[in-house]
Protein chains: 2
Amino acid sequence: MGADKPKPARGRPRKMNAENVLDVAMTAYWQSDPADVSVNAICQMAGISKPSLYREFGSEDGLSRAVLDRYAEQVLSEIFVILQGGMRLRGTLDALIDFASDDPRMETGCLFYKMRAGKHRLGPETRVRVEEIDAAAQAAYVAFLQSCRDAGDWPDGLSVDAGAQYLGEQIALAITQRASGENPARIREMMALALSVFTRP
Amino acid sequence: MGADKPKPARGRPRKMNAENVLDVAMTAYWQSDPADVSVNAICQMAGISKPSLYREFGSEDGLSRAVLDRYAEQVLSEIFVILQGGMRLRGTLDALIDFASDDPRMETGCLFYKMRAGKHRLGPETRVRVEEIDAAAQAAYVAFLQSCRDAGDWPDGLSVDAGAQYLGEQIALAITQRASGENPARIREMMALALSVFTRP
DNA sequence: CCATTTTGTTACCAACTGGTAATTTATTCC
DNA sequence: GGAATAAATTACCAGTTGGTAACAAAATGG
């Protein structure tokens with residue numbers, strides 16, 4: 001999908017591996033917080049010079065946007081897979097609980113939620129991308145819950161939209177709590193409690 | 001409580017009003033985020049010079065700690081009042097929902113929750129204070145729910161500790177969502193849904 | 001009037017931020 | 001063996017950060 005560099009015929013061969021830089025940046029952003037990792041630090045960790053990075057990504061905003069794209073397709077896709085897995089309400093909720101409260105990848109939180117929480121600190125490109133992903137996630141939650149309502153298991157007096165947003169926010173809350181070192185068993189317990197509103201008589 | 005300055009007999013009279021500086025800083029921290037407001041900006045807004053501020057508060061950490069103390073007794077106390085108001089479960093939960101989703105003071109979020117969310121960016125004094133307040137709040141939630149369980153209205157299979165933490169996190173979530181401009185009616189709806197787990201048969 | 005004490009002000013510090021101009025190095029085409 | 005081209009490196013830029021040293025101003029005590 002991304003416009004691949006057609007490897008120019010002439011000129012000094014590139015030492016820098018863009019994918020490696022993205023991996024380094026993603027790990028750093030993910031482990032701490034995008035706002036707490038400078039481009040200088042990323043260059044140092046990736047073993048490249050600043051102008052190299054800027055030639056490849058244009059700006060800090062461009063880099064963080066590229067990182068977010070990578071994160072979306074490598075990690076965030078997992079949530080969409082669960083939602084579109086064709087399971088019934090209960091099974092899907094259980095899978096979401098497992099993912100949020102036990103998947104080792106979420107041990108230091110979710111990069112997307114960290115970016116969303118600090119949205120005002122992001123550059124315009126990245127911020128727009130965050131909002132797009134947020135909207136796509138919301139749409140996926142809506143589609144899932146809609147199918148559940150069509151299948152019959154749905155509590156009275158709750159709009160699909162509100163339920164979808166609620167579901168998304170509870171997942172975000174659980175994962176964010178993991179990033180702050182909260183007891184995983186307790187997080188699971190609270191998340192199960194929060195989502196029990198969907199499966200009560 | 002605070003060690004009042006005994007007004008020295010000699011020396012140039014002070015122009016700076018420490019309380020005013022605290023108000024200015026609290027408003028700024030509260031409206032945006034402590035991490036996004038520099039001491040330079042506060043000095044400018046308060047119309048004082050940096051050395052004056054540093055003589056009074058010692059460091060940025062000292063200032064933010066003083067601001068947090070002020071915020072706790074001026075604003076956060078409200079939550080403790082609700083919890084210790086002697087109302088039954090349902091009434092107290094409704095009051096908490098009202099406070100979190102409609103009180104105009106929470107329109108730009110809660111300074112305490114903003115500090116807690118960005119704990120790693122705070123100085124040591126302020127961070128310790130945040131943890132103390134967090135523990136005090138948790139204790140208040142526990143005491144309240146314990147009294148409810150003693151009174152009989154309590155769902156089976158839920159520990160008081162877990163319920164208390166759940167309650168606190170749902171309040172934090174609701175208020176944080178207000179800060180990000182979410183539809184207040186929707187926030188209320190979701191919070192009511194989250195807290196309905198306490199009042200279901 | 002003068003020394004003392006306390007406050008306020010100006011101007012500065014080193015460290016760091018995102019970002020770049022200038023130059024050197026390595027390659028291919030002719 | 002040169003041009004031409006593209007990448008890498010070095011050294012820098014202005015702006016901001018938290019924090020301070022040096023000094024001036026305003027009060028009181030003798």
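The structure presented is a predicted model; accordingly, all values stated were derived computationally and were not measured. Numbers restart at 1 for each chain; the letters A, B, ... are given by sequence-line order, proteins then strands.
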Which nucleotides of nucleotides 12-19 of chain C have their base under 4.0 Å from a protein heavy atom (B), which only their sugar-phosphate (S), and which neither (-), written as one string 5' to 3'?
-----SBB
Apply side chain to side chain contact (heavy atoms under 4.5 Å, CB included) to residues B:Arg70 and B:Glu19 and explain how you reach the verdict.
CA-CA 9 Å; B:Arg70 193 175 180 80; B:Glu19 300 236 322; 3.6 Å; yes
Nearest-angstrom distance from the residue atom CD of B:Gln44 to C1' of D:dG15:
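Going from CD in B:Gln44 over to C1' in D:dG15 covers 14 Å.
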Nearest to side-chain heavy atoms of A:Arg10, which nucleotide of D:dT5, D:dT20, C:dT27
D:dT5
Among the nucleotides D:dT10, C:dT27, C:dG8, which one has an atom lying closest to any side-chain atom of B:Lys15?
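So the nucleotide nearest the side chain must be C:dG8.
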Residue whose nearest DNA chain D nucleotide is more 5′ - B:Pro13 or A:Met16
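Residue closer to the 5' terminus by nearest nucleotide: A:Met16.
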Looking at residues at least two apart in the chain, or sitting in another chain, which of them share a side-chain hydrogen bond (donor to acceptor under 3.5 Å, both in side chains) with B:Arg127?
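side-chain hydrogen bond (donor to acceptor under 3.5 Å, both in side chains) list for B:Arg127, sorted by chain: empty.
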If we ignore hydrogens and angles and just use 3.5 Å, is the side chain of [X] paired with the main-chain N or O of [Y] as donor and acceptor?
X	Y	value
B:Trp154	B:Cys148	no
B:Lys114	B:Gly109	no
A:Tyr166	A:Ala194	yes

Is the shortest side-chain N/O distance from A:Ser52 to OP1 or OP2 of D:dA8 below 4.0 Å?
yes
Over all heavy atoms of both residues, which pair between A:Val37 and A:Ser32 is shortest? Give the atoms and the distance, please.
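Residues A:Val37 and A:Ser32, closest heavy atoms: CG2-OG, 3.3 Å.
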Does a distance-only test, which skips hydrogens and angles, find a donor-acceptor pair under 3.5 Å between the side chain of A:Arg14 and the base of D:dA8?
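A donor-acceptor contact between them is absent.
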